[in-house]
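Data first, discussion second: the structure below is written as structure tokens.
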Amino acid sequence: MEHKLFLYNTLSRTKELFVPIHPNHVGMYVCGPTVYGDAHLGHSRPAITFDLLFRYLQHLGYKVRYVRNITDVGHLENDADEGEDKIAKKARLEELEPMEVVQYFSDRYHASMDLLNVKKPSIEPRASGHMIEQINMVKEILDAGFAYESNGSVYFDVEKYNKSNHYGILSGRVLEDLLSNTRDLEGQDEKRNSFDFALWKKAQPEHIMRWPSPWSDGFPGWHLECSAMSERYLGEQFDIHGGGMDLMFPHHESEIAQSTVCNHKAPARYWMHNNMITINGQKMGKSLGNFITLDEFFSGNHKALEKAYSPMTIRFFILMAHYRSPLDFSNDALQAAEKGMTRLFKALETLEKLVPGDTSTVNVQEVETNCYLAMDDDLNSPIVIANLFEAVRIINSVFDKKESLTAQDIEMLKNILHTFIFDILGLLPEAASSAGNETIEGLMQLILDIRASARASKDWATSDKIRDDLAKVKITVKDTKEGASWSID
RNA sequence: GGUAUCAUGGCCGAGCGGUUAGGCACCGGUCUGCAAAACCGAUUACAGCGGUUCGAGUCCGCUUGAUACCUCCA
């Protein structure tokens, strides 16, 4: 099957046919988390979005090198903490080594990503492990005359850069507009212009994380690590650079400027940005303090949550919206996703039980074609899911003898669904909720046996009492053709 | 103020000029001792006002409203 994969490129604000620089190979860089806190729902969106792209590119046969960094140095606090490295700040409060904090939250981030069935990137570099590359890059930019040293810190000269290039090419900004936005911040006087950004920051005495450099003991600027690490692992120019929309400016804009000065070409050809997850219409974010961590979703342990939501529910919820649309969190939406996904997986079980017919009354091939068309159209996962539900309808109708499929078509349908549900969307069937505890299993078996004999003798009073009383302790009993089943709510 | 994005039925969410999105809820039906679950089926929409067009959620303009970025943020 011919594939013309179109991806929305923020640079051109249009969907463009994806053509890799080197045939059959794709280099992809995505901005990862800053590890000084637990991952929240918002963090799962880029992870899942670019996991979807990673999976799909691999499915199409590309050899993909996917680099997703971990930021463990370099970001500055604002306001009272201006100039202080975020990680150092947190570490001091906790009286832990900064690297201990980094390790702790990295591990927790990885655990959450594993639960969400997010594939590990090919390389996951840390900023702290690439000091030499970053310092070299600062030197290069200084040598090229696009940076200046000031009091031990080094700043990128945006105004000079903008004379030969367009600073704002990605975000659609015009430098003159940025000029009007002067704001008093500490350290501003070191800069020639407010929009200049730091390449190297001199460390204040209280800084724990610091590295020697030709200019001062300090740490690299906010945007440098991505430029340095993407170049190191993917080369001067690579295919795809991704991240959250909130990083478009100034982070990605500055990355482009830095790399362009060093390599005389734009670092990435396709820039992709996922939209935000909102809560009550507002962006979920650390600064706003309105975030819910992934662990809280998984445990249900948060006042805004009516119940616990499994990792796969979260994944399905995110895939039900297109990655460039804002997605509003709500219990209703999450529960709708949960029910829909359950129905999808139930149909997968039903599919195994279908009895083949002599002819097919529905076109199975169409499901596959439509799913591929949706994926090729800028990763339109909601449309893929809609088509999967069309398959659900087909499966159930065949099961109900309202439609018919040949053995060959049933096999094809299995292949299609497995490919899209497991391989591409990366969904996994949830583990049976009732399993695990032998004592409870045994007790429930006993209770249901007693109820079964009551029902056999049409003793509905006893049968209903057992069911009602179990319901009071949040155990649901369902009578099916194969006997009673139970689950804990 | 500047830049960008968006406004779809009870809720969530597709749609990129011309025949059904889809999910959840609700309603009707099948099944069941009853119920739940499951399954089948039907219904409800395109912020407002103009314009372009044979034809507009879909393009253009204006109005209103919302969000993001401009300061660390996925």
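Lettering of chains follows the sequences in order, A, B, ..., and the numbering in each one begins at 1.
Between S254(A) and Y167(A), the side chains place a donor N or O and an acceptor N or O closer than 3.5 Å (distance only, hydrogens not considered). Residues H273(A) and T10(A) have side chains that bring a donor and an acceptor to within less than 3.5 angstrom of each other. No side-chain N or O of D196(A) forms a donor-acceptor pair with one of S194(A) less than 3.5 Å apart.
Counting non-hydrogen atoms under 4.0 angstrom, N275(A) reaches a base of the nucleic acid.
The nucleotide whose nearest atom lies closest to any side-chain atom of H40(A) is, among rA74(B), rC40(B), rA35(B), rA74(B). When distances run from any side-chain atom of P382(A) to the nucleotides rU5(B), rA21(B), rG33(B), the shortest one goes to rA21(B). Listed nucleotides rG33(B), rG23(B), rC69(B) differ in distance to K283(A); the shortest reach to its side chain belongs to rC69(B). Comparing rC69(B), rG13(B), rG22(B) by their closest approach to the side chain of A321(A) singles out rG13(B). Which of rC39(B), rC34(B), rC40(B) sits closest to the side chain of K402(A) comes down to rC40(B). Out of rC16(B), rC70(B), rA14(B), the shortest distance to the side chain of K15(A) is found at rC16(B). For K339(A), whose side chain is taken as the heavy atoms from C-beta onward, the closest listed nucleotide among rC24(B), rA35(B), rG33(B) is rC24(B). Taking every side-chain heavy atom of A336(A) into account, rC24(B) is the closest of rC34(B), rC12(B), rC24(B).
The 5' end of RNA chain B is approached more closely, in terms of each residue's nearest nucleotide, by W460(A) than by the other of D400(A) and W460(A). In this structure, A337(A) and S171(A) both approach RNA chain B, and ranking their closest nucleotides by distance from the 5' end singles out S171(A).
When the P atom of rU20(B) is taken as reference, atom CZ of R393(A) falls 14 Å away, rounded to whole Å.
Base-pair partner of rA68(B): rU3(B) (Watson-Crick or G-U wobble, both distances under 3.5 Å). Base-pair partner of rU43(B): not found among the strands shown (Watson-Crick or G-U wobble, both distances under 3.5 Å).
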